[in-house]
Structure formats: C-alpha cells, structure tokens
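Note that the structure is predicted; figures quoted are calculated from it, not measured. When a ligand or atom number is given, it counts from 1 through the structure's own listing order.
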Amino acid sequence: MSTTTEPSPPLMGQIDAWRDDALADDRRHGPRPAALLGLALGVSFTVCFATGLLSHLIQHPTSWFTWFPRPAGLYRVTQGLHVATGIAAIPLLFTKLWAVFPHLLRTPVVRDVADGLERLSLLPLVGGSIFLLVTGVANIELFYPWPFFFPAGHHAVAWIVIGALIVHVGAKLSTTRDALARRAGPPLDEPIPAGRQATTGGDGLDRRRLLLWAAGGSAVLTVATIGQTVAPLRGLALLAPRRPDRGPQGFPVNRTAIEAGVVDAIASPAYRLTVSGGRAPLALTLADLHALPQRSATLPIACVEGWSASQRWTGPSLRDVLAAAGVTDHRGVDVHSLEASGRYASSTVPARVVADPDTLLALMVDGEQLAPDHGYPVRLIAPNRPGVLQTKWVGEVVVR
Ligand code: HEM
Ligand code: HEM
Ligand SMILES: Nc1nc2c(c(=O)[nH]1)N[C@H]1C(S)=C(S)[C@@H](COP(=O)(O)O)O[C@H]1N2
Ligand SMILES: [Mo]
C-alpha cells in the first residue's frame, strides 16, 4: 500500500495512456480486426451503393439506362437488399470504430502531407457513413426531422462516402493484405510504446469474440427486420416498422385516402378515367372498365423503404385500355392520381412496361374491390416497379 498520493497526470497524458493501453491490445485494436471489419463494411457499403443507385435510376431514367418489367420481383429483391444490408452494417460500423479508436488519437496528429490528406478523408468517411445509416433508418421509420429531401441528401452523401472509402482502401491496402495473410499480428502502424508488449500471436480469442459480437449484432438486426419483405419471417420482424400482412385487406399502406385528400373524389358518381393524347379523348366509367377483358396477376408492392407484399390484382391491362382509346403508337404514358398534389401523385409508365400484359389498371385485389387506402376505384400496378410508381386513385392517363 502506498502512503504517498501520486499527482494525477494531466488530461492529455491520460488520453495518451488510454490510447497506448488500447494500442498494445493487438487482438482487438490491431490491424486484423480493423481489416476484417473493414472488408465486411466494404462489401455492405458497395451493395448499398449499387442497389441505391439502381433504385434512383429506375425512378429517374436517363437516356442510357433501361429497366425491364421482368423478372417481376427483381426490384423487391434489390431494394430489400439495400435496406437489409444497410441495417446489418450498423453493428459492423460501430465495432470498427471501437476497434480503431486508438489510431484516431495518435500523435503526431499528422505526419506529412499525404498522411494529412488520408487522415482528412476519415472525416467524410466516418461522418458520412454514420449519416447514411442514421438517415436511412429514420426514413424507413417514417421519421423525417431534417430540412432536406431525404433521397437527395442520402444520395449525395453516398457519393462522398464511396469516394472517401476508395481513398481509405487505397491507403490501407497493404496493411489489409498483411493483416489477412498472417494469422498472428503483423507489425502495428504505430510503434509499440516502450515498456509494453504487443499481445500478438496467441489463439486470437479476444479478436474472435469481438468479431462474433459484430456478426451477432448484424444477425439479430437482420432477423428482426427482414420479415418486412421476406414473408415467412414476418413473425420475427419485431423491429420492422411495416409487416407485409398488416393493414387494410392484409397489406400495408403508406399514404391513406384521407391523407391524400381524395375521399370525396373517389366516391363521386361522376368519376371517369380519362385517356387523353390519343386520337380522341376517352372517358371511361367504372362499369366501362369492368366491361373490358379482365386480367389477374400476382405482383408485389415493393416500397423503396424496404417492405414488400405480394397480392393478386385484377383489372384491365393498361394496353387494352389504350387500345380502346384508339392509341396505336406511343412512347409510354403518364398516369395521374386524383390526388391534387403530393410527390407520388403521378408516374410515368415506359412503353415496354405498357406492353407487358400484367401492367394493370387494377379494380380488385385478392378478389375484393380495392379498399380506399389501396387506390379505389383504380390503381396502377405493374411488374418490377418501385412502390412509389404504383400510382393509386388513378383519374387520368396521358399518352406520351
Ligand atoms: C465504411 C467503411 C469504413 C470505415 C468508416 C472505416 C474507418 C476506419 C478508421 C476510422 C480507421 C482508423 C484510422 C487509421 O488507422 O488511419 C480505419 C483503419 C483501418 N481500416 Fe477502415 N474503414 C472502413 C472500411 C474499410 C475497408 C473496406 C478496409 C479494407 C478493405 C479497411 C481497412 C482498414 C485497415 C487495415 C485499417 C488500419 C488498422 C491498423 O492500422 O491497425 N477499412 N478504418
Ligand atoms: C441503414 C442503412 C440504410 C438504409 C435504411 C437506407 C435506406 C434507403 C432508402 C429507404 C432509400 C430510398 C429513398 C427513396 O427513393 O425514397 C435509399 C436510397 C439510396 N441509398 Fe440508402 N439506406 C441505407 C444505407 C445506404 C448506404 C450505406 C449507401 C451507400 C453507400 C446508400 C445509398 C443510397 C442511394 C445512392 C440511394 C438512392 C437515392 C435516390 O433515389 O436518389 N444507402 N436508401
Ligand atoms: N397517388 C398516390 N399513389 C401512391 C402513393 C401516394 O402517396 N399517392 N404512395 C406510393 C407508395 S410510396 C407506395 S409504397 C404504394 C403503397 O401502396 P399501398 O398503400 O396499396 O400498399 O403506393 C404508391 N402509390
Ligand atoms: Mo413506398
């Protein structure tokens, strides 16, 4: 027992000691866990970036991008993957940050210009990664506390993060290669402080436990949310905001008829579906639509927010409605809702989607008249399209 009290070291000294202790713990703070967690993050962020860009292009087609109506359920898979992979990355990111924190506290802060640039790129990398995961999760939980339009902000930051990630991978390539090549700890980036021993070699139990915690966290989050799109697992989807079997007629609703302000318009006996832009404008009553040949197709609503649900829809094919209006030649159509305003009040149906016989102006779902919240009297439903493009309460079709 000591009788003299030692003066406590100043704050900076405490941080240095804390960092050096951590740095000496090679199994948790050394390059191998950083590289393994980095690889997992690299894969998940690449999947998110590719599927996110795909979703963007489908919603905002360019001259060089074409998207096909088949296979009917492909978008449901790519967007489900986007959200599931992003959610699974959350524990990976936080474990990685915990594993590398001593490297962030190192001194000197910057060694030279190249080192300074590389360190600077950690700011957008770490900040941007957290931003993507936080905004993504908030969005699927229908929580929009920020002043910008979510997809635009999320999209711009995704490019920044991918740029910073490329710089990071370039800077860490040789460390990653060494760390993965050798099971025992390779040399540390930083010199081991005098008087300390790097805990290299050994059985790697601490490292294994760290990586198991990260993998376990990802697995739990995935199982607790994936049921929003994988129907057999819906009973486990405790953290999913939407479940594919809950809502009117047994599936979810994003915007209700009341929220869209269409309650009176959809119930009006004066309702007509107008088809304009063809040889002569046409106004079809509900009875006219029921009198056209009816077709049924099992198609999913695949929301951009990662939930999806498949139903059997029935109604005339859009192409038959166009034929009834005498439209022979077109470059697709615009479908307008009775909803006066709102981001999803209209959508474009490209010609190759119009040509698909399963592209329906649905009147029924699972053998029942559509519920008001699902788009009564008429909704568009087409194969392999994001939910935002499956326009409800259709009042007008304009030929392009
Ligand atoms: C979102 C993705 C990622 C984030 C946020 C991230 C973050 C970080 C941070 C903050 C550091 C500590 C700073 C430093 O040592 O300079 C670091 C180190 C490291 N990262 Fe990443 N990283 C990511 C992806 C990756 C990928 C894809 C790889 C490899 C393929 C990787 C491999 C490494 C390695 C080898 C180290 C050095 C560890 C050491 O020297 O002990 N990281 N990462
Ligand atoms: C928890 C993680 C994440 C969730 C929950 C999430 C969720 C979403 C959602 C709901 C959308 C659709 C937005 C819309 O069209 O309304 C989206 C789009 C997108 N996401 Fe994520 N995301 C996550 C992580 C990421 C990551 C890590 C990246 C990139 C590295 C990324 C890149 C994109 C891109 C580029 C888009 C397209 C935006 C657009 O349409 O302009 N996301 N994400
Ligand atoms: N007119 C209109 N149609 C719309 C929307 C909308 O807000 N207004 N929301 C879209 C979105 S985001 C989705 S996911 C689907 C949901 O369809 P559901 O409510 O029948 O499940 O409808 C789409 N059609
Ligand atoms: Mo949606």
Side-chain angles (χ1 to χ4, degrees), residues 41-42 44-60 78-90 92-93 125 128-142 144 149-165 221 225 228 241-242 244 246-257 259-262 266 300-309 311 313 335-347 362 365 370-376 378-381 385-395:
L41 282 167
S44 52
F45 274 52
T46 303
V47 168
C48 278
F49 190 58
T51 50
L53 283 189
L54 177 68
S55 178
H56 176 82
L57 285 169
I58 298 168
Q59 291 175 66
H60 310 279
T78 64
Q79 193 60 14
L81 197 62
H82 180 86
V83 170
T85 310
I87 290 172
I90 297 169
L92 302 178
L93 181 67
L125 179 63
S129 298
I130 293 172
F131 176 92
L132 287 178
L133 301 185
V134 168
T135 56
V137 168
N139 182 263
I140 64 170
E141 299 291 339
L142 308 178
Y144 314 99
F149 177 46
F150 164 78
H154 188 79
H155 186 157
V157 174
W159 281 99
I160 293 170
V161 166
I162 292 299
L165 190 57
L221 285 187
T225 48
Q228 67 177 330
R242 298 300 199 349
R246 296 222 182 126
Q249 297 178 319
F251 63 106
V253 168
N254 247 11
R255 196 163 159 80
T256 64
E259 284 164 350
V262 294
I266 64 178
I301 299 278
C303 182
V304 290
E305 289 167 356
W307 62 267
S308 74
Q311 257 66 45
W313 306 90
V335 172
H336 297 280
S337 175
L338 297 169
E339 193 182 352
S341 64
R343 232 173 247 289
Y344 309 123
S346 68
S347 70
V365 63
L370 290 175
D373 289 346
H374 287 309
Y376 174 86
V378 177
R379 93 168 294 160
L380 176 74
I381 181 90
R385 252 163 102 78
V388 293
L389 302 181
Q390 310 280 29
T391 308
K392 302 195 276 193
W393 315 295
V394 175

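Looking at T391 next to ligand 3, no N or O pair under 3.5 Å apart turns up. Looking at Q59 next to ligand 2, an N or O pair under 3.5 Å apart turns up. The distance criterion of under 3.5 Å between nitrogen or oxygen atoms is not met by N139 with respect to ligand 2. Ligand 3 has no N or O atom lying under 3.5 Å from any N or O atom of W393, backbone or side chain. Considering backbone and side-chain atoms alike, P252 places an N or O below 3.5 Å from some N or O of ligand 3. The shortest N/O to N/O separation between H155 and ligand 2 falls below 3.5 Å. Close N/O approach between W307 and ligand 3 is not found [any backbone or side-chain N/O within under 3.5 Å].
Nearest heavy-atom pair across A260 and W393 is CB-CZ3, 3.5 Å. Closest approach of G395 to L338, counting heavy atoms only: CA-CD2, 3.8 Å. Heavy-atom minimum distance, S129 versus L93: CB-CD2, 3.9 Å. The shortest non-hydrogen separation linking V304 to Q59 is CG1-NE2, 3.5 Å. Pairing each heavy atom of R379 with each of L370, the nearest pair is N-CD1, 3.9 Å. Between G42 and T46 the shortest heavy-atom distance is O-OG1, 2.6 Å.
Looking only at protein heavy atoms, the nearest one to atom 24 (N) of ligand 3 is Q390 O, 3.0 Å. Among protein heavy atoms, the minimum distance from atom 16 (O) of ligand 2 is reached at P151 CG, 3.3 Å. What sits closest to atom 7 (O) of ligand 3 on the protein, heavy atoms only, is R255 CD, 3.0 Å. The protein non-hydrogen atom at the shortest distance from atom 11 (C) of ligand 3 is G387 O, 3.5 Å. The single protein non-hydrogen atom nearest to atom 6 (C) of ligand 3 is Y344 CB, 3.7 Å, given as residue, atom name and distance.
Evaluated by nearest non-hydrogen atom to atom 8 (N) of ligand 3, the leading choice among E339, R242, K392, R379 is E339. The option from I301, V253, L380 that lies nearest to atom 16 (C) of ligand 3, judged by heavy atoms, is I301.
Here is the list of ligand 3 atoms found below 4.0 Å of a heavy atom in C303: 14 (S). Ligand-side atoms of ligand 3 in range of S337: 1 (N), range being under 4.0 angstrom from any heavy atom. Close contacts between ligand 3 and D373 involve ligand atoms 19 (O) [criterion: under 4.0 Å to a heavy atom]. Atoms of ligand 2 lying under 4.0 Å from at least one heavy atom of V137, given by number and element, are 1 (C), 5 (C). Close contacts between ligand 3 and F251 involve ligand atoms 20 (O), 21 (O) [criterion: under 4.0 Å to a heavy atom]. Of all atoms in ligand 2, numbered sequentially from 1 with element shown, those under 4.0 Å from a heavy atom of E305 are 10 (C).
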Q: Evaluate the side-chain contact (heavy atoms from CB on, under 4.5 Å) criterion for residues Q249 and D373: first the C-alpha distance (whole Å), next the side-chain angles of each, then the deciding distance (0.1 Å), finally the verdict.
A: CA-CA 10 Å; Q249 297 178 319; D373 289 346; over 6 Å; no
Q: Take E339 and Y344 through the side-chain contact (heavy atoms from CB on, under 4.5 Å) test and state the conclusion after the steps.
A: CA-CA 9 Å; E339 193 182 352; Y344 309 123; 5.6 Å; no
Q: Could you give me the CA-CA distance, side-chain angles and deciding distance for E305 and N254, then say whether side-chain contact (heavy atoms from CB on, under 4.5 Å) is met?
A: CA-CA 10 Å; E305 289 167 356; N254 247 11; 3.9 Å; yes
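Taking 4.5 Å as the limit, every side-chain heavy atom of I58 sits out of range of all side-chain heavy atoms of Q79. By the 4.5 Å heavy-atom criterion applied to side chains, L125 and F45 are not counted as neighbours. Contact annotation: the side chain of V137 approaches that of I90 to within less than 4.5 Å [non-hydrogen atoms, C-beta and beyond]. Residues Q311 and I381 form no side-chain contact, since every pair of their non-hydrogen atoms from C-beta on lies 4.5 Å or further apart. Residues I140 and W307 fail the side-chain proximity criterion, which asks for heavy atoms closer than 4.5 Å.
By the 4.0 Å heavy-atom criterion, F150 is counted among the residues contacting ligand 2. Distances from ligand 2 to the non-hydrogen atoms of V161 include no value under 4.0 Å. Under the 4.0 angstrom criterion for non-hydrogen atoms, Q79 is in contact with ligand 2.
Below 30°, between 30° and 60°, or above 60°: for H60 and H56 the angle between ring planes is between 30° and 60°, a tilted geometry. Below 30°, between 30° and 60°, or above 60°: for H374 and F251 the angle between ring planes is below 30°, a parallel geometry.
Judged purely by distance below 3.5 Å, without hydrogens or angles, the side chains of T391 and S337 never pair a donor atom with an acceptor atom.
Listed by chain and residue number, the protein N/O/S atoms under 2.8 Å of atom 21 (Fe) of ligand 2 are H82 NE2, H154 NE2, with waters left out.
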